[in-house]
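Since we're looking at a predicted model, the values are computed, not measured.
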Amino acid sequence: MSPSRPPLASTSLVVGLNAVIIAGEDGEPRVLVTQGLATPEAALPFGPFDPDAHRTFEIGLREWVRGQTGFELGYVEQLYTFGDRGREAPLAALTGSAGARVISVGYLGLAREARELTGIGARWASWNEFFPWEDHRNGRPALIDEVLAPALRSWADEAGAPGSRLARIERVRTHFALDGLIWNEERALDRYELLYEAALVAEAARDRGEPGRTLGGTGQIMASDHRRILATAISRLRGKVKYRPVVFELMGDSFTLSELQRMVEGICGFPLHKQNFRRALDRTGFVEGTGHFEARTGGRPAELYRFRKDAARNQPALGLAIPRLK
């Protein structure tokens, strides 16, 4: 006789929809956030999936983004499904579904222009507001070595077993490139999750209902686990820019090569070697000159270029080599 199964929990389930929408503005990637809608904290556009009103998740997502921000979504791709406990508060406030378990489907959308927004509290923000340790374009942030590294080493030392301490130390060294290790820009999610586990970001103290050891300067708090969702999107985009020409989804119809380089630097978070970047770009065949030049009040005008979609179709798996400035 098979053993009897325990009764299923009666907790209701809500499917939430979250959007990480990134657009280009002045040569910088910006993320669309709202504030004051269902939480005083900054949040990504989000809302519940209504199986009666929404034929698909994507249709529901587009309706929520339009209603909260006035922004019309273009291309989106599914990012990840998030189901950790403790992430229910914003949707509960929005829908009155207190006590429900929330599973969220995250999407990543790219737009060429950070268009004007109409939603209350909606704005385009630099993602470095939320992850100040990720921007290395002007050198390694002092925050890492002066604030984060000492606090993380102290947290690692608190591990009970020697093996656990060594495992923690190795994660800290690897994710934050300590002791001469190389910074890996694609580990944005790993770094945030490590800081959360060590209770060094405000979300950890909030979610655990205890003061914790939240440090100053560790970025702006976000609703629920929206900062984790945003970190997931950053890691995805930083990896994808190397093997797909996605950066052109953030550029206008015409652009200078300096503007294109600045956008790639904004995504990756570190400076690029100008000549090597342009040589790598030439090898892809992704851009061509328009024969027009940027109007300037002084100095030599820069030629405007455009993206060659036909070249991308012929080389769908080829992205951009990212030559770091040594």
pair [X]-[Y]: side-chain heavy atoms closer than 4.5 Å:
| X | Y | answer |
| --- | --- | --- |
| Glu203 | Asp225 | no |
| Asn18 | Val105 | no |
| Leu304 | Phe293 | no |

- Is it the case that more than 12 heavy atoms not belonging to Asn138 sit under 6.0 Å from its CG atom? no
Between the side chains of [Y] and [X], is the shortest nitrogen-to-carboxylate-oxygen separation below 4.0 Å, so that they form an ion pair?
| X | Y | result |
| --- | --- | --- |
| Glu294 | Arg300 | no |
| Arg165 | Glu158 | no |
| Glu249 | Lys240 | no |

Can you name the ring-ring contact (aromatic ring centres under 6.0 Å, His included) partners of [X], sequence neighbours left out?
| X | value |
| --- | --- |
| Phe131 | Trp133 |
| Tyr107 | none |
| His136 | Trp183 |

Is there any salt bridge (charged side-chain N to carboxylate O under 4.0 Å, His left out) pair reaching into [range], and which pairs are they, with sequence neighbours excluded?
| range | answer |
| --- | --- |
| residues 13-23 | none |
| residues 120-137 | Glu28-Arg137, Arg123-Glu129, Glu134-Arg191, Glu134-Arg238, Asp135-Arg137 |
| residues 51-60 | Glu58-Arg62 |

- Note on the structure: Exactly one of Val65, Val33, Thr69, Leu44 clears side-chain contact (heavy atoms from CB on, under 4.5 Å) with Ile21, and that residue is Val65
Contacts of [X] that satisfy side chain to side chain donor-acceptor pair (under 3.5 Å) - sequence neighbours left out:
| X | answer |
| --- | --- |
| Tyr80 | none |
| Arg115 | none |
| Asp253 | none |
| Arg279 | Asn276 |

- Sorted by chain and number, sequence neighbours left out, salt bridge (Lys or Arg N to Asp or Glu O under 4.0 Å) with Glu170 holds for Arg173
- Residues in salt bridge (Lys or Arg N to Asp or Glu O under 4.0 Å) with Glu259, at least two apart? none
- CG (Leu148) and CZ (Phe176) are apart, to the nearest 0.5 Å, by 5.5 Å
- Test of ring centre spacing under 6.0 Å for Phe130 and His226: no
- Should the ring pair His54 and Phe49 be called parallel, tilted or perpendicular, given that the plane angle runs from 0 to 90° and is split at 30 and 60? tilted
- Would you call the rings of Phe248 and Phe286 parallel, tilted or perpendicular, where under 30° means parallel and over 60° means perpendicular? perpendicular
- Task: Go through Arg228 and Asp190 one step at a time and tell me if the salt bridge (Lys or Arg N to Asp or Glu O under 4.0 Å) criterion holds.
- Result: CA-CA 9 Å; Arg228 180 187 174 208; Asp190 294 328; over 6 Å; no
